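Below, read A as the first sequence line, B as the second, and so on, with proteins coming before strands; counting in each chain starts at 1. Remember, predicted model here, so these are calculated numbers, not experimental data.
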Number of protein chains: 2
Amino acid sequence: MTTHLPQNHPEMPEEINGLRMTRQRQEVYRFLMGERSHPTANEVFMRIKEALPNVSLATVYNCLEALVQHNVIRQVNFDREPSRYCPNLDEHGHFHDETTGTIHDIKFKPGINLTDILDLPPNTVIKDIEITLRGQLAAS
Amino acid sequence: MTTHLPQNHPEMPEEINGLRMTRQRQEVYRFLMGERSHPTANEVFMRIKEALPNVSLATVYNCLEALVQHNVIRQVNFDREPSRYCPNLDEHGHFHDETTGTIHDIKFKPGINLTDILDLPPNTVIKDIEITLRGQLAAS
DNA sequence: CTATATGCAAATAGTTTGCCTGTTA
DNA sequence: TAACAGGCAAACTATTTGCATATAG
């Protein structure tokens with residue numbers, strides 16, 4: 001039975017996409033990688049406090065922003081609700097099930113290129129696309 | 001030269017989609033209908049103050065929410081920025097040009113049904129779809 | 001030793017709420 | 001006259017910032 005966590009996770013690289021992986025960033029990243037629930041900053045905070053009791057919410061925000069800026073995770077926004085974070089870097093959308101409050105990744109059907117269906121002005125450089133759906137997942 | 005606006009705009013119906021069109025809601029709605037710039041609540045507020053000097057920002061928020069709830073206008077959110085409001089009820093997306101800060105409606109190419117390209121779970125009832133793009137509109 | 005990251009508390013900004021008054025059906 | 005809408009200020013909440021300390025290259 002271990003009483004203390006090691007200072008660093010051995011399987012965690014020192015850097016991801018040029019971002020130095022400090023202990024706090026490691027915990028944030030590790031937690032997100034194992035989650036499909038698209039947690040909020042506060043949920044990440046609550047969870048990694050178990051491993052890092054002194055971590056602050058501001059640091060969690062800083063870590064999340066650093067990871068987003070370095071394309072390690074994605075930030076997902078639903079209306080005016082708190083931002084959520086997603087480890088899935090594939091191009092995909094998000095479905096917000098109003099009944100349960102859960103969020104599901106939505107893939108595109110194979111062979112679909114999103115820009116093909118949008119009537120974009122010429123010479124447009126798209127940096128990011130966000131597709132969010134809201135509705136209900138009826139019981140089958 | 002008119003010195004005062006009439007109490008109500010003659011061309012404005014008393015009700016839209018079951019929503020009673022008070023003087024404040026009329027001004028908010030009329031302004032939005034003539035705008036393609038997707039104004040924020042504060043921009044609406046600044047503008048309709050010209051016609052209604054005593055209007056309050058809270059009332060503008062209330063009017064906007066009432067209009068959104070009754071499907072008279074749409075609310076558009078970009079990341080964590082202030083909500084914007086759009087009089088275009090057709091299914092469409094929004095492109096945020098980072099260079100100018102402007103927002104453009106993006107139509108879908110003809111014959112495209114959005115749900116056709118999404119790999120949705122069965123029995124899903126979609127209430128709302130939001131597509132937002134961020135990027136740059138290069139000078140042609 | 002210099003830059004960067006953390007922790008904490010305070011500040012910020014958009015939005016909402018409470019309460020009282022005014023208006024409308 | 002009962003329900004709803006408006007105006008104002010205060011409250012709320014997610015997020016950011018300033019600053020002092022700690023850590024890393």
Completion exercise
note: A:Leu64, atom CG; D:dA14, atom C1'; distance rounded to Å ~ 13 Å

Practice task
Flag the pair A:Arg25 / A:Arg20 as yes when at least one side-chain heavy-atom distance between them is below 4.5 Å, and no otherwise.
Solution key: yes

Handout entry: Any donor-acceptor N/O pair, A:Asn17 side chain to A:His70 backbone, under 3.5 Å
Key = yes

Fill in the blank from the handout: the helix from C:dC1-D:dG25 to C:dA25-D:dT1: angle between terminal helix axes, five bp per end, to the nearest 10 degrees, reads 30°

Practice task
Would you mind listing every salt bridge (charged side-chain N to carboxylate O under 4.0 Å, His left out) that reaches into residues 82-94 of chain A, with sequence neighbours excluded?
Solution key: A:Glu43-A:Arg84

Practice task
Just jot down the ring pair (Phe, Tyr, Trp, His ring centres under 6.0 Å) partners of B:His104, sequence neighbours excluded, or say none.
Solution key: none

Practice task
Measure the distance from CE on A:Met21 to P on D:dA24 and round it to the nearest whole Å.
Solution key: 15 Å

Problem - Pairs meeting criterion salt bridge (charged side-chain N to carboxylate O under 4.0 Å, His left out) with involvement of residues 115-134 of chain A, two or more places apart - result: A:Glu98-A:Arg134, A:Lys127-B:Glu98

Handout entry: For atom CG of B:Leu19 and atom P of D:dC4, their distance in whole Å
Key = 12 Å

Handout entry: Phosphate OP1/OP2 of C:dG7 contacted by A:Gln24 side-chain N/O (<4.0 Å)
Key = yes

Exercise for the section: Can you check each nucleotide of nucleotides 9-23 of chain C against protein heavy atoms at under 4.0 Å and return B for base, S for sugar-phosphate only, - for none, in 5' to 3' order? Expected result: B----SBBB------

Practice task
Can you tell me the distance, in whole Å, between the CG atom of A:Asp79 and the C1' atom of D:dT13?
Solution key: 16 Å

Exercise for the section: Please tell me if the side chains of B:Leu120 and B:Leu118 come closer than 4.5 Å, counting only heavy atoms from C-beta onward. Expected result: yes

Practice task
Could you check how far CD1 of A:Ile48 sits from P of C:dA5, rounded to whole Å?
Solution key: 16 Å

Donor-acceptor contacts under 3.5 Å from residues 53-64 of chain B side chains, at least two apart:
from	atom 1	to	atom 2	distance (Å)
B:Ser56	OG	B:Thr59	N	3.2
B:Ser56	OG	B:Thr59	OG1	3.0
B:Asn62	ND2	B:Ala58	O	3.4

Handout entry: Nearest-neighbour nucleotide for the B:Thr59 side chain, C:dG7, D:dG6, C:dA5 considered
Key = D:dG6

Exercise for the section: Using atom CG of A:Asn54 as one end and atom C1' of D:dT21 as the other, report the distance to the nearest whole Å. Expected result: 13 Å

Practice task
Flag the pair B:His94 / B:His92 as yes when their ring centroid distance falls below 6.0 Å, and as no otherwise.
Solution key: yes

Exercise for the section: Answer yes or no: is there a side-chain heavy-atom contact under 4.5 Å between B:Asp79 and B:Thr132? Expected result: no

Problem - Separation of atom CD in A:Gln69 from atom C1' in C:dA5, rounded to whole Å - result: 16 Å

Exercise for the section: To the nearest Å, give me how far apart CZ (A:Phe45) and P (C:dT6) are. Expected result: 14 Å

